[in-house]
Amino acid sequence: MRPAVVYELLKTDKETGARAGIIHTPHGSFPTPMFMPVGTLATVKTLSPEELKEMGSGIILSNTYHLWLRPGHELIREAGGLHKFMNWDQPILTDSGGFQVFSLSKIRDIKEEGVHFRSHLDGSKLFLSPEKAIEIQEALGSDIMMSFDECPPYPASREYMIQSMARTTRWAERGLKAHTTMDKQSLFGIVQGGVYSDLRQQHAKELASLDFPGYSIGGLSVGEEKHLMNEALEATTPFLPADKPRYLMGVGSPDALIDGVIRGIDMFDCVLPTRIARNGTTMTSQGRVVIKNAIYERDFGPLDPNCDCHVCKNYSRAYLRHLIKAKEAFGIRLTSYHNLYFLIKLMEDVREAIMEDRLLAFREEFFEQYGYNKE
Ligand SMILES: CNc1nc2cc3c(=O)[nH]c(N)nc3c(CC[C@H]3O[C@@H](OC)[C@H](OC)[C@@H]3OC)c2[nH]1
């Protein structure tokens, strides 16, 4: 079966094994490494599809769990699918809902057939399974779908992890069977294993043998220390096929993105840039700027003098500070736009460094400028 998602590897950085490539999907192609804006409820909060295209966002995310509960996947199917519903004609990636069940709903009961839980909206009884997660994502018309998995709580014992991984593999196989109703495959397997390197390697090999068109690395960015995430990646990516994309779920901050690319990751998502933007915290080439800080009251310069986004070219720190303190919606739009632009541009700069075999030098310089080395 020809997969709908095809990875084209263009270059591997000589020093690190980091990759530059292109991912082709039914709704178009995008360059990697790529940061993917999160649009949980079928909108990247406060920003329009036109603005997302303008900033270079090649693909956005939406969330199966949330859209299933509200407005419902059948409604979106009747609307002609998620692309039409939200007026986004480029690639969309959706999660399987597993993570949200475990992170949002209090009462849940995990069984072999799936997870019984209550809606976090109205407490109604719900049931999510590998087959149901495929049905919802196909109704949405997602270009890249996630297998239904368990993202175990952190920390989890080895015994729990071994049982959970085995069930996640069985669920992944059920998803592959349920998914062939589409004429092409666009389902990613999700590698678990917590912070146990041997389990990470084992699960990567297990899922690699199922020949998915792409692989997500789950179970991370759940509170573990940065070095444990990096070690988990080092135990995982070498055992995933080099000709398939790797997506690190829920990551993240500028340093974690660069360190993930160095360890063979191609795709990232995180709510961080839009979440911190809502209280006026921004990412700039000189590190974080918390715009509500009084030092910016009469700072009529750009948010980031090294950024060429329309926010940094047209608005001052003093104006942004005024809007955020006044809780003006336009202020949140501007900080959200800039933060997403910053991470998408960072991935473009990283991609260029890979093409020129100078990623470690880039990392050194970026960390210095951003102020990471001061920590
Ligand atoms: C923050 N740290 C983090 N670690 C994660 C680990 C997993 C995991 O092991 N399995 C699954 N299935 N999902 C995970 C997710 C959720 C990503 C989604 O969560 C949504 O963002 C909150 C977004 O939905 C638009 C995104 O869609 C792919 C994680 N998020």
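As the structure lists them, so they are numbered: ligands from 1, and atoms in each ligand from 1. Throughout, residue positions are numbered sequentially from 1 according to the sequence presented. Below, all heavy atoms of this structure are taken into account, side chains as well, without hydrogens, waters or symmetry copies.
Residue contacts with ligand 1: Met249 is included, with a non-hydrogen atom under 4.0 Å away. At least one heavy atom of Tyr247 sits less than 4.0 Å from an atom of ligand 1. At a 4.0 Å cut-off, at least one heavy atom of Gln192 sits close enough to ligand 1 to count as contact.
Residue contact check: Gly218 has heavy atoms under 4.0 Å from atoms 8 (C), 9 (O) of ligand 1. Listed by atom number, the atoms of ligand 1 under 4.0 Å from Gly250 heavy atoms are 1 (C), 2 (N), 3 (C), 30 (N). Under a 4.0 Å criterion applied to the non-hydrogen atoms of Ser96, ligand 1 contributes the atoms 12 (N). Proximity to Gly219 (heavy-atom distance under 4.0 Å) selects the following atoms of ligand 1: 6 (C), 8 (C), 9 (O).
In the hydrophobic clustering of this structure, Leu210 does not group with Met165; members are Ile, Leu, Val, Met, Phe, Trp, Tyr whose side-chain heavy atoms approach within less than 4.5 Å, directly or through other members.
The closest non-hydrogen atom to atom 27 (O) of ligand 1, taken over Val101, Leu67, Asp95, comes from Asp95.
Only side-chain heavy atoms of Asp269 come within less than 4.0 Å of ligand 1; its backbone N, CA, C and O stay farther off. Residue contacts with ligand 1 for Val251 are absent, since no atom lies close enough (heavy atoms, distance under 4.0 Å). Contact annotation: for Gln100 versus ligand 1, heavy atoms closer than 4.0 Å belong to the side chain alone.
Every N/O-N/O distance between Ile190 and ligand 1 stays at or above 3.5 Å. In terms of N/O distances under 3.5 Å, ligand 1 is approached by Ser221. Here's the thing with Thr40: none of its N/O atoms is less than 3.5 angstrom from an N/O atom of ligand 1. For a threshold of 3.5 Å applied to N or O pairs, the pair formed by Leu220 and ligand 1 contains at least one separation below that value. Taking only nitrogen or oxygen atoms, main chain and side chain alike, Asp149 reaches within less than 3.5 Å of ligand 1.
By the 4.5 Å heavy-atom criterion applied to side chains, Phe330 and Tyr319 are counted as neighbours.
The NZ atom of Lys177 sits 9.0 Å away from the CD atom of Glu131 when rounded to the nearest 0.5 Å.
Of the charged side-chain nitrogens involved, at least one lies within less than 4.0 Å of a carboxylate oxygen, so that Arg77 and Glu74 count as a salt-bridged pair. Using a 4.0 Å cut-off between charged nitrogen and carboxylate oxygen, Glu113 and Lys111 do not count as a salt-bridge pair.
Panel note: side chain Arg70, backbone Leu41; no donor-acceptor pair is recorded below 3.5 Å. Arg174 contributes no side-chain N or O that, together with a main-chain N or O of Arg170, makes up a donor-acceptor pair within less than 3.5 Å.
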